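The next block holds one structure in the form of structure tokens; read it before the comments.
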Amino acid sequence: MHDIPERYEPAEIEPRIQEHWESARVFKVTEDPAREKFYCLCMFPYPSGRLHMGHVRNYTIGDVIARYQRMLGKNVMQPMGWDAFGLPAENAAIENKVPPADWTRSNISYMRDQLKRLGFAYDWDRELATCDPGYYRWEQWFFRRLYEKDLVYRATAVVNWDPVDQTVLANEQVIDGCGWRSGAPVERREIPQWFLRITAYADELLDELERMDEWPEAVKTMQRNWIGRSEGLSIRFALSDGSGDLEVFTTRPDTLLGATYMAVAPEHPLATAAAASDPAIAAFLETCRHQSTSEAVIEKMDKLGMPLPVTVRHPLSGVDLPVWVANFVLMSYGTGAVMSVPAHDQRDWEFARKYELPIRQVIAPTDGAVCDIDAAAYTEQGRTVNSGEFDGLEFAAAFDAVARALEAQGRATRRVQYRLRDWLVSRQRYWGCPIPVVYDAEGTAIPESDDRLPVVLPEQIAWEGVASPLRNMPEFTTTILPDGSPGRRETDTFDTFFESSWYFSRFCSADSDSAMVDARVDYWMPVDIYIGGIEHAVLHLLYARFFHKAMRDAGLVKSDEPFKRLLTQGMVCKETYYRDSDNGRRQYFSPGAVEVDTDAKGRAVAARLLADGEAVTIGPVEKMSKSKNNGVDPQALIDRYGADTVRLYTMFAAPPDQSLEWSDSAVEGASRFLKTLWRLVHDHVSRDRVATPNRAMEDAKQRNLRRHIHETIVKVSDDISRRYKFNTAIAAVMELVNHIGRAAADDPAALDELLDGLDVVVL
RNA sequence: GCCGGGAUGGCGGAACUGGUAGACGCGCCAGACUCAAAAUCUGGUAUCCGUAAGGAUGUGGGGGUUCGAUUCCCCCUCCCGGUACCA
């Protein structure tokens, strides 16, 4: 090791050491009950084509933690795999006429090389891709276990339907109400789909959060609010004509006497029945049929409604209340109907104002403060007024009194309701795991038996048009039922969150072809630290928690929770550049294709497309993504500076949980630091140490350096293991290197301190 | 709309438990080396006034608690993530 070259040449040394790591299987691990295990996991990537900066940042954080834990002597597993099913592969298939399987596998191959080039300490023997039948057969197998436990059911749900392309669109594919390819106005369509009963686990998913003290508070709060447990009253209002009941759920029974109208969803039977004889209502429902299915869009649109020719009887006052159809009431929430109390709900208040419906105050502030119902709804809990025999009660007492009165009439039931809805796992797409179900001649669904699994997705396909080709493949859809009669195969595939809900368990026994997971899973699970983007705070992380509990209840794993500690990485963001084209759609340009002019303060003021020299609009700073085309390609930086520089810069630029606005000018600094360090080591490594240094002979400067070395060890250890602040750990090491460099110039005789310092810095 | 997060020099960020605001790095300025440049090294660099010593101001905006607030509380603005079929 004494013949270190004078110049730092990452392009030469990095591939050499990486080949050694690979050929010697340095990071391969097996279970060792004698040693403390550490399972370090980063969210696996979607193989989109090339690594982006978010990947580099994510996997560098994981690698720093994994290597630190190895240095502590733990048995560290750090695996890597591919979240390989998904929409982009279908788009590539449509655009480039290449089968999604081929496109995906070639992306995996390229990105695997990139990961190796970045030098991450992965146990590659555990690599998996979710599009391999050897992986997805086990979720088909588990689907049947869930079915047997009544955790699977079939029901109708609304989708975005593109009437031109004759296909279902993802929310992301609907732009201003139109299909992104066809440009045709999208329609809502109800179709039968498969659901997993995640709500059966709602209470456990909620309660367990209290004990997850190594998860960020923000993520737990988001999950709590998402689950949204509320206690309330399910009230059955009798239709005035005696033809039935209208059931609603409310968390505010204390406001019942303030209810002045009812609102139902456009798909509600009362609305569709009225539309049959009233063209105006039918026309309204028709406009609602083009409404978005996205909550963000629905909540921001104009709130519209129409009165229906029915009324309901108020169970306490006996007054008949009008029933309206309203575009913001969702059929998929609860019963598709709500009771409206405009005096005490702001949305109801605005709707009532717009349509001149009565606003009736029945709650007043407990402290006697004035509240002006003409200005806004009073939404706080208070004391009942204008409520006859229920007057003067505070929230809990009023709730109870109203509940008892209605229960006595058989008109209400106390109920716990969740905002969380069951997990819709059906996708009308080709590139996913086939849902293992067959239908008989009557259309009855029969889950596939274990001995007929996997249901293999045909990979060599000819893609015509836009819709999933599976429906037009008789060799796939035609099948024989267990009783020998002809059957038809389900052509829907699973939501890709299905695959990402258990891959961490599969990594523990990735080579098993006889079981979903085996006993090794209980050595490694739970994951000790899970690192990934904050954008997964709810959906992926909640589905994965649910799935793990369902696996536990099927006897497959012992742990209650899959992820002991969670580190949510902030987004890597970058300015967007675009032009609005004539058809109203936006064309985004990659930062590499654009030249940006800055003012004296370094702020971007204008941008031009390099290809034609014409101006492009500078858009907001957003998460680097394919759809915004604002990703910075790390490969160019790796080629120019080496992997260590890119990794160092990524860790130095910001703390991991903070969003990072990318700037490639500062990468130079990281490179400079590594060169300086290399030269210092080169200048000293061949010098011989004094055999037994005499610490008592150290002068003040030397003692000062030795003290600084040890302070840095404490600081860096704490920053990495407790604080997860890699930027300040690096800053501390830079300060130490500056100190060592000055000492080397001033006092070359202080060799023992210099060499000790360099040893520590290199570690 | 709702839920969660954020805002500190020209730029990225630091200040961990309420106690010297701006560590470390980028950029910029000056100097050394060089025929010259690059690279490298040394020094300076929050803003305003001042030759300087020094003074004043300063952590998105407004208010509050405190001997003391980037940090705690209330209100607001803007930005980011999620919003159930992007992953």
Side-chain angles (χ1 to χ4, degrees), chain A residues 43-46 48 54 83 85-88 91 157-160 168-174 193 198 216-226 228 293-301 303 328 332 346-347 350 419-429 432 495-497 500 532-540 542-543 568 570-571 573 598-603 620-623 625-627 648-649 652-655 657-663 665-670 672-673 675-676 679 715 718-719 722-723 725 727-735 737-738 741-742 745:
Chain A
M43 291 180 186
F44 65 166
Y46 176 77
S48 54
D83 188 14
F85 279 135
L87 205 48
N91 297 332
V158 179
V159 294
N160 303 307
V168 175
L169 298 178
N171 285 336
E172 193 186 57
Q173 298 172 309
V174 180
Q193 312 204 54
I198 188 174
E217 235 15 88
V219 174
K220 290 192 284 184
T221 303
M222 281 188 266
Q223 292 209 350
R224 252 179 229 121
N225 292 336
W226 185 268
T293 58
S294 133
E295 186 193 323
V297 175
I298 291 169
E299 288 291 330
K300 273 182 273 199
M301 72 191 180
K303 309 295 186 288
F328 57 87
S332 50
Q346 189 59 26
R347 190 175 66 183
E350 282 162 20
R419 204 189 78 94
L420 177 69
R421 308 198 299 258
D422 278 332
W423 179 8
L424 196 172
V425 294
S426 299
R427 294 293 179 270
Q428 295 69 44
R429 305 203 189 293
D495 176 7
T496 58
F497 278 126
S500 55
I534 181 69
E535 68 271 25
H536 295 293
V538 176
L539 288 180
H540 162 58
L542 196 62
Y543 290 141
T568 49
M571 250 89 38
C573 300
T598 54
D599 64 11
K601 292 186 171 183
R603 292 220 168 83
V621 174
E622 293 184 73
K623 176 178 90 163
S625 71
K626 204 140 192 146
S627 58
L648 182 68
Y649 172 68
F652 182 57
D657 53 354
Q658 203 164 303
S659 69
L660 171 81
E661 191 184 329
W662 184 260
S663 111
S665 64
V667 179
E668 194 72 46
R672 207 174 289 168
F673 170 75
K675 284 182 202 161
T676 303
R679 201 183 49 250
K715 164 83 178 155
D718 186 54
D719 279 351
R722 180 181 65 88
R723 299 180 67 213
K725 297 276 189 194
N727 54 330
T728 53
I730 293 166
V733 173
M734 286 175 168
E735 284 182 83
V737 169
N738 291 342
R742 276 195 307 274

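FYI, side chains are in, hydrogens and waters are out, and symmetry mates aren't considered; it's all heavy atoms of this structure. Note that this is a predicted model, so its numbers are computed, not measured.
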Inset, instruction - Write down the atom of L648(A), the atom of A670(A), and the distance for their closest heavy-atom approach. - result: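 Minimum heavy-atom separation between L648(A) and A670(A): CD2-O, 3.7 Å.
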
Legend entry - Minimum heavy-atom distance T728(A)-R723(A), with the two atoms named: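 Nearest heavy atoms, T728(A) then R723(A): OG1-NH1, 3.7 Å.
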
Phosphate OP1/OP2 of [N] contacted by [X] side-chain N/O (<4.0 Å):
X	N	value
N171(A)	C86(B)	no
N225(A)	C2(B)	no
R427(A)	C85(B)	yes

Need one value for [X]: base, sugar-phosphate or nothing, where a base atom within 4.0 Å counts as base even if backbone is also close, heavy atoms only.
X	answer
S500(A)	nothing
R679(A)	sugar-phosphate
A218(A)	sugar-phosphate
V667(A)	nothing
N738(A)	sugar-phosphate
Q658(A)	sugar-phosphate
L539(A)	base
I298(A)	nothing
P45(A)	nothing
V219(A)	nothing
W423(A)	nothing
E735(A)	sugar-phosphate
R722(A)	base
E350(A)	nothing

In whole angstroms, how far is the [atom2] atom of [N] from the [atom1] atom of [X]?
X	N	atom1	atom2	result
I730(A)	A14(B)	CD1	P	12 Å
L542(A)	A84(B)	CG	C1'	10 Å
F673(A)	C41(B)	CZ	C1'	17 Å

Inset, instruction - Spell out yes or no: do the side chain of Q173(A) and the base of C85(B) have one donor N/O and one acceptor N/O closer than 3.5 Å? - result: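 Not at all, since no donor on one side and acceptor on the other fall under 3.5 Å apart.
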
Legend entry - Under-3.5 Å donor-acceptor pair between Q223(A) side chain and C3(B) base: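 Answer is no: no donor-acceptor pair is held.
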
What distance, rounded to whole Å, do you find between the two [atom1] atoms, one in [N] and one in [M]?
N	M	atom1	value
C24(B)	G68(B)	P	31 Å
G81(B)	C29(B)	P	35 Å
A15(B)	U71(B)	P	15 Å
A69(B)	G64(B)	C1'	11 Å
C26(B)	G13(B)	P	16 Å
C41(B)	G50(B)	P	36 Å
C3(B)	A84(B)	C1'	13 Å
A14(B)	G6(B)	P	12 Å

Return the polar atom pairs (N/O with N/O) between nucleotides 75-81 of chain B and the protein under 3.5 Å, or none.
| residue | atom | partner | partner atom | Å |
| --- | --- | --- | --- | --- |
| G81(B) | OP1 | K623(A) | N | 3.4 |

Inset, instruction - Side-chain contact test, heavy atoms from C-beta onward, threshold under 4.5 Å: evaluate it for T496(A) versus Y46(A) and give yes or no. - result: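 Not in contact.
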
Inset, instruction - Look at E350(A) together with R347(A) and state whether they make a salt bridge at an N to O cut-off of under 4.0 Å. - result: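 The answer is no: the pair does not qualify as a salt bridge.
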
Legend entry - Note: R419(A)-E295(A) ion pair, threshold 4.0 Å (strictly below):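 Looking at R419(A) and E295(A), the cut-off is met.
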
Legend entry - Candidate list V168(A), T293(A), N171(A), test side-chain contact (heavy atoms from CB on, under 4.5 Å), partner V159(A), passing option: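 With V159(A) as partner, side-chain contact (heavy atoms from CB on, under 4.5 Å) holds for just one option, V168(A).
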
Inset, instruction - Tell me whether G27(B) sits syn or anti, counting syn as a glycosidic angle within 90° of 0. - result: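 Nucleotide G27(B) adopts anti.
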
Inset, instruction - Indicate whether the side chain of D83(A) and that of S500(A) have a donor and an acceptor atom separated by less than 3.5 Å. - result: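 Not at all, the side chains of D83(A) and S500(A) share no donor-acceptor pair under 3.5 Å.
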
Inset, instruction - For RNA chain B, list all stems, counting runs of three or more consecutive pairs where every pair is Watson-Crick or G-U wobble with both distances under 3.5 Å. - result: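 Expected stems, ordered by start: B:1-7 with B:77-83, B:10-12 with B:24-26, B:27-32 with B:40-45, B:46-49 with B:54-57, B:60-64 with B:72-76.
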
